[in-house]
Amino acid sequence: MDELTLFSLALGLAKPWQVADLKFSKEEGRLDLRIDFVKGAKFPCPSCKETQESEVHDTLDRTWRHLNFFQYETYLHARVPRIRCGKCGVKQVDVPWARPGSGFTLLFELLVLSLSREMSVAAVAELTSEHANRLWRILKHYVERARREVDLRTFHKLGIDEFAIRKGHVYMTSFGDLEASRVIFLGEGRKKGVVKAFLEDLQSRGVDPGQIDVVCCDMWDPYLNGIGTFLRKALVVFDRFHVMNQLNKALEMVRREEQRDNEALTKSRFLWLKNPKNLTDNQEARLEALKRLDLRTARAYQIKLALARFWEISDPAEAVSYLKRWYFWATHSRLQPVIQAAQTIKRYWKGVVGFLDARVTNGMVEGLNSKIKTAMKRAYGFKHVGYLRTIIYLVAGRLTFTYPQ
Ligand SMILES: [Zn+2]
């Protein structure tokens with residue numbers, strides 16, 4: 001077997017394609033393979049797939065980046081035939097190693113996809129010596145295609161959440177299948193219209209929005225208005241993270257106010273906001289000392305911790321009566337921000353206690369959020385909305401990529 005035949009086999013080429021020539025340059029660190037079709041070969045039309053094969057009309061020279069041959073960058077070159085189809089006119093034929101219009105082979109594209117699921121796109125660009133923008137285009141193509149193929153027939157618990165994409169209040173909204181732990185749609189902004197955009201996307205995929213029976217989201221009126229208009233039958237519930245956030249905001253307001261005449265509170269913000277389990281020994285000691293002072297912040301903190309216990313109670317009736325007692329305590333705290341937060345919870349009471357019956361767990365909500373965070377890290381340095389969308393679907397969309405042939 002000669003080396004050209006060996007490379008033809010390694011590339012999986014079949015008639016009429018074969019490796020016709022190769023050039024290896026150690027100095028340039030590259031291997032160039034010229035692929036050609038055998039003389040007199042005929043090709044089917046790429047548009048109408050007419051079984052009648054046509055003779056070659058003319059050819060166009062093309063180049064594709066392929067997987068490295070050891071440390072050597074490898075390129076395929078071919079003169080790609082154009083045929084004259086009786087129905088469609090002059091058409092460039094499809095080659096088996098690349099998709100139409102791509103400057104990469106299918107195997108190279110799959111490598112980029114696999115790597116991007118595990119590392120940042122910047123790192124993949126570095127590793128392959130390719131410009132990141134070209135890699136983003138590959139990802140976008142496969143992600144969009146795989147997303148259309150996701151099976152949403154059993155989807156019925158929707159999670160809606162906002163996230164900031166850069167400083168200055170630029171937001172996106174994620175829509176997730178809570179049971180499958182998968183992001184299914186990303187919309188721009190966090191207004192009512194984003195809910196409509198989501199439903200239009202669902203319908204374009206043949207999914208009936210009526211199959212959604214539970215929506216878990218923040219106490220954010222634009223979302224709630226959108227749900228009220230477009231998903232009237234769904235039960236709306238609020239998860240622990242978003243309810244606790246109300247108390248965390250109130251606590252921070254109390255602390256900031258009190259800090260003005262009590263220096264002991266300076267730079268203590270995160271001590272009060274962090275989960276007590278995650279504090280270092282030093283931080284814990286400082287917090288304990290602060291708690292011994294007669295501080296309004298310390299009282300607000302106790303009320304916050306008490307609210308967290310609501311989600312630890314397994315019996316729903318007991319949990320509801322606990323929340324009522326908590327509400328009484330919070331509204332009698334004489335801490336204005338805390339009273340306001342408690343009143344917000346009262347206003348959305350049905351959805352707060354409804355969370356217990358909706359069989360949505362905090363784990364489901366947090367699982368999706370942490371996937372989005374991971375995806376944002378993969379896109380580090382690329383803040384374009386289109387890129388973020390692609391990488392979040394890739395990391396958090398539970399997509400399946402089939403071999404593209
Ligand atoms: Zn045709």
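Side chains are part of it too, since the values below use all heavy atoms of this structure and drop only hydrogens, waters and symmetry mates.
- Atoms OG1 and CZ, on Thr63 and Arg34 in that order, are 12.0 Å from each other to the nearest 0.5 Å.
- More than 12 heavy atoms of other shown residues, nucleotides or ligands fall within 6.0 angstrom of atom CD in Glu53.
- Within a 6.0 Å sphere centred on CE of Met253, other residues, nucleotides and ligands contribute 12 heavy atoms or fewer.
- Atom-to-atom distance recorded for Met364:CE and Asp239:CG is 12.0 Å, nearest 0.5 angstrom.
- Tyr75 and His77 share no side-chain donor-acceptor pair at under 3.5 Å.
- Counted by atom type alone, Ser120 and Lys377 present zero donor-acceptor pairs between their side chains at under 3.5 Å.
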Steps toward side chain to side chain contact (heavy atoms under 4.5 Å, CB included) verdict (Ser174, Leu368): CA-CA 9 Å; Ser174 70; Leu368 262 180; over 6 Å; no
Taking distance alone, no hydrogens or angles, what donor-acceptor pairs closer than 3.5 Å link side-chain atoms of residues 35-45 to residues at least two apart or in another chain?
| residue | atom | partner | partner atom | Å |
| --- | --- | --- | --- | --- |
| Asp36 | OD1 | Arg79 | NE | 3.1 |
| Asp36 | OD2 | Arg79 | NE | 3.3 |

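- Arg148 has its side chain within reach of Ser204: a pair of non-hydrogen atoms, C-beta onward, lies under 4.5 Å apart.
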Stepwise salt bridge (charged side-chain N to carboxylate O under 4.0 Å, His left out) check, Asp177 with Arg182: CA-CA 5 Å; Asp177 177 342; Arg182 140 191 296 152; 5.0 Å; no
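- Cation-pi geometry between Arg65 and Phe104 is not satisfied (NZ or CZ under 6.0 Å from the ring centre, within 45° of the ring normal).
- Within a 6.0 Å sphere centred on CZ of Arg269, other residues, nucleotides and ligands contribute 12 heavy atoms or fewer.
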Full working for side chain to side chain contact (heavy atoms under 4.5 Å, CB included) between Phe163 and Ile392: CA-CA 12 Å; Phe163 57 97; Ile392 294 171; 3.6 Å; yes
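- By the neighbour-count criterion of 12 heavy atoms within 6.0 Å, atom CG of Asp151 is densely surrounded, having more than that number from other residues, nucleotides or ligands.
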CA sep, side-chain torsions, deciding dist, call: Glu252, Lys249, salt bridge (charged side-chain N to carboxylate O under 4.0 Å, His left out): CA-CA 5 Å; Glu252 174 55 13; Lys249 277 193 245 164; over 6 Å; no
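- Between Asp201 atom CG and Phe185 atom CZ the span is 5.0 Å, to the nearest 0.5 Å.
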Criterion ring-ring contact (aromatic ring centres under 6.0 Å, His included) on Phe175 and Phe198, from CA distance to verdict: CA-CA 8 Å; Phe175 295 80; Phe198 162 66; 4.4 Å; yes
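- Crowding of Gln302 atom CD: a count of heavy atoms from other residues, nucleotides or ligands under 6.0 Å exceeding 12.
- Heavy atoms of other residues, nucleotides or ligands lying less than 6.0 angstrom from CZ of Arg117 number more than 12.
- Glu162 and Thr173 share no side-chain donor-acceptor pair at under 3.5 Å.
- A distance of 10.5 Å separates CD1 of Ile212 from NE2 of His156, quoted to the nearest 0.5 Å.
- Within 6.0 Å of CD on Glu144 lie more than 12 heavy atoms contributed by other residues, nucleotides or ligands.
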Derivation of the side chain to side chain contact (heavy atoms under 4.5 Å, CB included) call for Arg84 and Val90: CA-CA 4 Å; Arg84 186 186 292 279; Val90 176; 3.9 Å; yes
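- Arg296 contributes no side-chain N or O that, together with a main-chain N or O of Arg255, makes up a donor-acceptor pair within less than 3.5 Å.
- At distances below 3.5 Å, not a single donor-acceptor pair connects side-chain atoms of His242 with backbone N or O atoms of Phe238.
- Atoms OH and CH2, on Tyr301 and Trp272 in that order, are 7.5 Å from each other to the nearest 0.5 Å.
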Going by atom type alone, with no hydrogens or angles, which donor-acceptor pairs under 3.5 Å involve a side-chain atom of residues 339-355 and a protein atom two or more places apart or on another chain?
| residue | atom | partner | partner atom | Å |
| --- | --- | --- | --- | --- |
| Thr344 | OG1 | Gln340 | O | 3.0 |
| Tyr348 | OH | Asp221 | OD1 | 2.8 |

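- Around atom CD of Glu263, no more than 12 heavy atoms belonging to other residues, nucleotides or ligands sit under 6.0 Å away.
- A heavy-atom distance below 4.5 Å is found between the side chains of Glu258 and Leu295.
- Remark: Arg30 is not positioned above the aromatic ring of Tyr72, lacking an NZ or CZ atom under 6.0 angstrom from the ring centre and at most 45 degrees off the axis.
- Aromatic pair Phe69/Phe7: centroids less than 6.0 angstrom apart.
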Full working for salt bridge (charged side-chain N to carboxylate O under 4.0 Å, His left out) between Arg99 and Glu109: CA-CA 10 Å; Arg99 61 188 171 87; Glu109 292 186 333; 3.0 Å; yes
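- For the residue pair Asn133 and Tyr387, a side-chain donor N or O sits within less than 3.5 Å of a side-chain acceptor on the partner.
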Arg286/Leu271 under side chain to side chain contact (heavy atoms under 4.5 Å, CB included): CA gap, chis, key distance, verdict: CA-CA 8 Å; Arg286 190 174 166 213; Leu271 292 180; 4.0 Å; yes
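- Between the side chain of Ser116 and the backbone N or O of Val112, at least one donor-acceptor pair lies under 3.5 Å.
- Atom-to-atom distance recorded for Leu76:CG and Trp17:CH2 is 11.0 Å, nearest 0.5 angstrom.
- With no hydrogens or angles considered, no side-chain donor-acceptor pair links Thr390 and Arg147 at under 3.5 Å.
- The aromatic rings of Tyr142 and Phe401 stand perpendicular to each other, their planes meeting at an angle above 60°, with 30° marking the opposite boundary.
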